Protein chains: 2
Amino acid sequence: MDTTALDDPTSPCSIEQALGLVGDRWSMLVLRDTFRGLRRFDEIRRDLGIPRAVLSDRLRRLVDAGILARRRYQDHPPRDEYRLTEMGRELSPILVALMHWGDRWLQEGEPPTVLVHSACGEPLELGFHCSSCHVDFGPLEISSRHRQEAS
Amino acid sequence: MDTTALDDPTSPCSIEQALGLVGDRWSMLVLRDTFRGLRRFDEIRRDLGIPRAVLSDRLRRLVDAGILARRRYQDHPPRDEYRLTEMGRELSPILVALMHWGDRWLQEGEPPTVLVHSACGEPLELGFHCSSCHVDFGPLEISSRHRQEAS
DNA sequence: CTAGGCGGGTTCAGGTTCCGAACCAAGTCG
DNA sequence: CGACTTGGTTCGGAACCTGAACCCGCCTAG
């Protein structure tokens with residue numbers, strides 16, 4: 001078996017860069033909440049029990065990064081809400097992977113929430129797929145290929 | 001508004017629990033290194049530039065959690081190495097998802113590393129799949145179903 | 001007009017965590 | 001013996017997180 005699936009010895013690592021944005025505990029939880037449909041400061045604050053100053057900071061950073069968009073939903077008492085951008089929505093595999101892993105290894109009994117394919121209501125799978133072979137496969141069948149630096 | 005079960009505050013969230021273990025920046029990077037084949041304290045420390053005390057603490061926590069196993073590889077100068085357990089190896093979708101997302105949104109130009117299906121060498125895709133409909137789909141087609149608390 | 005309340009923050013004191021550097025210990029090398 | 005390596009621990013100061021208090025714009029009640 002090949003344990004070098006994620007081998008990346010030299011280059012600027014995308015994992016590292018991604019973690020620089022969403023690699024702290026609160027950011028991920030804020031994003032989980034936005035995926036769940038929460039959009040307003042106080043909704044999220046109450047749900048997470050996060051200190052206001054920290055939430056304020058995280059939201060600002062996520063907006064600056066382009067993951068969330070701030071959008072005014074009423075003018076008179078000026079009120080904003082936070083919505084996922086496309087960049088933000090594409091974080092979903094990370095959250096789904098975290099959730100599945102937590103379900104399998106940390107949760108006693110049945111998972112509290114199951115994600116399903118909205119078209120049919122059946123539980124979704126998250127997996128690796130080869131569009132060439134038209135097969136799904138697991139982590140042990142991954143290899144890595146590095147960009148040639150010399151050219 | 002009421003998203004009913006969607007924001008049930010009492011259900012223990014697997015994402016939250018998972019983040020409790022691997023939700024800080026260093027833990028994930030330590031795991032990335034172990035996926036890359038690094039196993040020894042100083043290898044990892046040099047690679048990440050992590051302070052010794054922090055690495056020591058993270059390794060202890062990951063071992064306690066069952067994600068890494070400490071294994072003596074020589075007796076005379078007593079030396080241990082850290083290896084992924086199965087629980088640890090199954091974190092790979094999370095790292096792959098982080099990497100893909102970073103490649104797409106944070107990386108200039110071509111990704112430095114491409115993960116491929118080892119059987120054919122073609123780049124792998126990570127996506128949601130419905131085993132009932134036999135289709136792959138994106139984040140917009142996910143719904144969630146919560147366990148009935150029945151009371 | 002004043003009081004109070006809400007959403008969305010900022011500021012501040014105190015505690016925790018992180019960091020870099022120094023040190024320790026066990027063993028090996030010259 | 002002294003120097004060097006691996007795998008840590010200990011330490012003081014910097015950075016960060018936390019809870020509580022406060023502020024602002026606006027609304028409603030009295």
Side-chain angles (χ1 to χ4, degrees), chain A residues 16-17 19-34 36-65 67-84 88, chain B residues 1-3 7 9 15-17 19-34 36-65 67-84 88:
Chain A
E16 207 166 334
Q17 296 196 54
L19 289 174
L21 290 181
V22 297
D24 68 283
R25 175 182 168 74
W26 286 126
S27 293
M28 275 291 185
L29 291 175
V30 168
L31 290 167
R32 183 204 62 179
D33 273 12
T34 60
R36 283 168 48 189
L38 307 189
R39 293 197 174 87
R40 283 145 75 154
F41 189 92
D42 242 41
E43 271 179 327
I44 299 171
R45 188 189 62 76
R46 265 194 301 269
D47 182 69
L48 296 181
I50 183 176
R52 293 160 176 282
V54 177
L55 178 56
S56 182
D57 177 73
R58 291 304 180 277
L59 288 172
R60 195 180 311 118
R61 279 165 47 174
L62 291 170
V63 168
D64 289 349
I67 293 168
L68 294 180
R70 184 181 211 153
R71 160 178 305 214
R72 179 133 315 182
Y73 66 91
Q74 70 179 31
D75 262 320
H76 253 325
R79 294 282 179 268
D80 298 310
E81 63 183 12
Y82 299 88
R83 284 165 173 268
L84 288 165
Chain B
M1 84 151 199
D2 163 64
T3 47
D7 54 350
I15 293 174
E16 207 166 334
Q17 296 195 55
L19 289 174
L21 290 181
V22 297
D24 68 283
R25 174 182 169 73
W26 286 126
S27 293
M28 275 291 185
L29 290 175
V30 167
L31 290 167
R32 183 204 61 179
D33 273 13
T34 61
R36 283 167 47 187
L38 306 189
R39 294 198 174 87
R40 284 144 74 154
F41 190 92
D42 242 42
E43 269 179 327
I44 298 171
R45 188 189 61 77
R46 266 194 301 270
D47 182 70
L48 296 181
I50 182 176
R52 293 160 175 282
V54 177
L55 178 56
S56 183
D57 177 73
R58 291 304 181 276
L59 288 171
R60 195 180 311 117
R61 280 164 47 174
L62 291 169
V63 168
D64 288 350
I67 293 169
L68 295 180
R70 183 181 212 151
R71 161 180 303 215
R72 177 134 314 182
Y73 66 91
Q74 71 180 29
D75 263 321
H76 253 322
R79 294 285 180 267
D80 298 311
E81 63 181 13
Y82 299 87
R83 285 165 172 267
L84 288 164

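The structure displayed is predicted, hence computed values, not measured ones. Order of the sequence lines fixes the chain letters, A, B, ..., with proteins taken first and strands second; residue numbering starts at 1 for each chain.
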From the set [options], return the single nucleotide nearest to any side-chain atom of [X].
X	options	answer
A:Ser56	C:dT10, D:dT6, D:dG25	C:dT10
A:Pro78	D:dC26, D:dG7, D:dT6	D:dC26
B:Pro51	D:dT6, D:dG19, C:dC19	C:dC19

Select base, sugar-phosphate, or nothing to describe what A:Arg70 touches, counting heavy atoms under 4.0 Å on all strands.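 If one applies the 4.0 Å heavy-atom cut-off, A:Arg70 turns out to touch the sugar-phosphate alone, with no base involved.
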
Base, sugar-phosphate alone, or nothing: which one does A:Val54 contact when heavy atoms must sit under 4.0 Å apart?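 Base contact.
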
Nucleotide [N], atom [atom2] - distance to [atom1] of [X] in whole Å:
X	N	atom1	atom2	value
B:Arg79	D:dT6	CZ	P	8 Å
B:Arg52	C:dC19	CZ	C1'	13 Å
B:Leu59	D:dG8	CG	P	7 Å
A:Arg60	C:dG9	CZ	C1'	9 Å
B:Tyr73	C:dG27	OH	C1'	12 Å
B:Gln74	C:dG27	CD	P	11 Å
B:Ile50	D:dG8	CD1	C1'	13 Å
B:Asp24	D:dA15	CG	P	20 Å

Are any of B:Tyr82's side-chain N or O atoms less than 4.0 Å away from OP1 or OP2 of D:dT6?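 Checking D:dT6 against B:Tyr82, no side-chain N or O comes under 4.0 Å of OP1 or OP2.
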
Less than 4.0 angstrom between a side-chain N/O of A:Trp26 and OP1 or OP2 of D:dC16, yes or no?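 So the side chain of A:Trp26 is outside the cut-off, no N or O lying under 4.0 Å from OP1 or OP2 of D:dC16.
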
A:Arg71 and A:Tyr82: CA distance, side-chain angles, deciding distance, side chain to side chain donor-acceptor pair (under 3.5 Å) verdict: CA-CA 6 Å; A:Arg71 160 178 305 214; A:Tyr82 299 88; over 6 Å; no

Under 4.0 Å between a Lys/Arg side-chain N and an Asp/Glu carboxylate O for B:Arg60 and B:Asp64?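 Here B:Arg60 does not pair with B:Asp64 in a salt bridge, since their nearest N and O are not under 4.0 Å apart.
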
Is B:Arg36 paired with B:Asp47 through a side-chain N to carboxylate O contact shorter than 4.0 Å?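 Yes, B:Asp47 and B:Arg36 are salt-bridged.
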
On the side chain of A:Arg40, is there an atom forming a donor-acceptor pair with the base of C:dG7 - under 3.5 Å, no angle test?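 For A:Arg40, whose side chain was compared with the base of C:dG7, there is no donor-acceptor pair (under 3.5 Å).
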
When you compare the side chains of B:Tyr73 and B:Arg40, does any donor N or O come within less than 3.5 Å of an acceptor on the partner?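 Yes, side-chain donor-acceptor contact under 3.5 Å.
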
Do B:Ser56 side-chain atoms and B:Ala53 backbone N/O form a donor-acceptor pair below 3.5 Å?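 Absent.
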
Kindly indicate whether the side chain of A:Arg32, heavy atoms from C-beta on, has any atom under 4.5 Å from the side chain of A:Leu48.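 The answer is yes; the side chains approach within 4.5 Å.
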
What does the B/S/- profile of nucleotides 12-17 of chain C look like, 5' to 3', with a 4.0 Å heavy-atom cutoff to protein? ------

To the nearest 0.5 Å, what is the distance between CG on B:Leu62 and CG on B:Leu55?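 Answer for the CG-CG pair, B:Leu62 versus B:Leu55, is 9.5 Å.
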
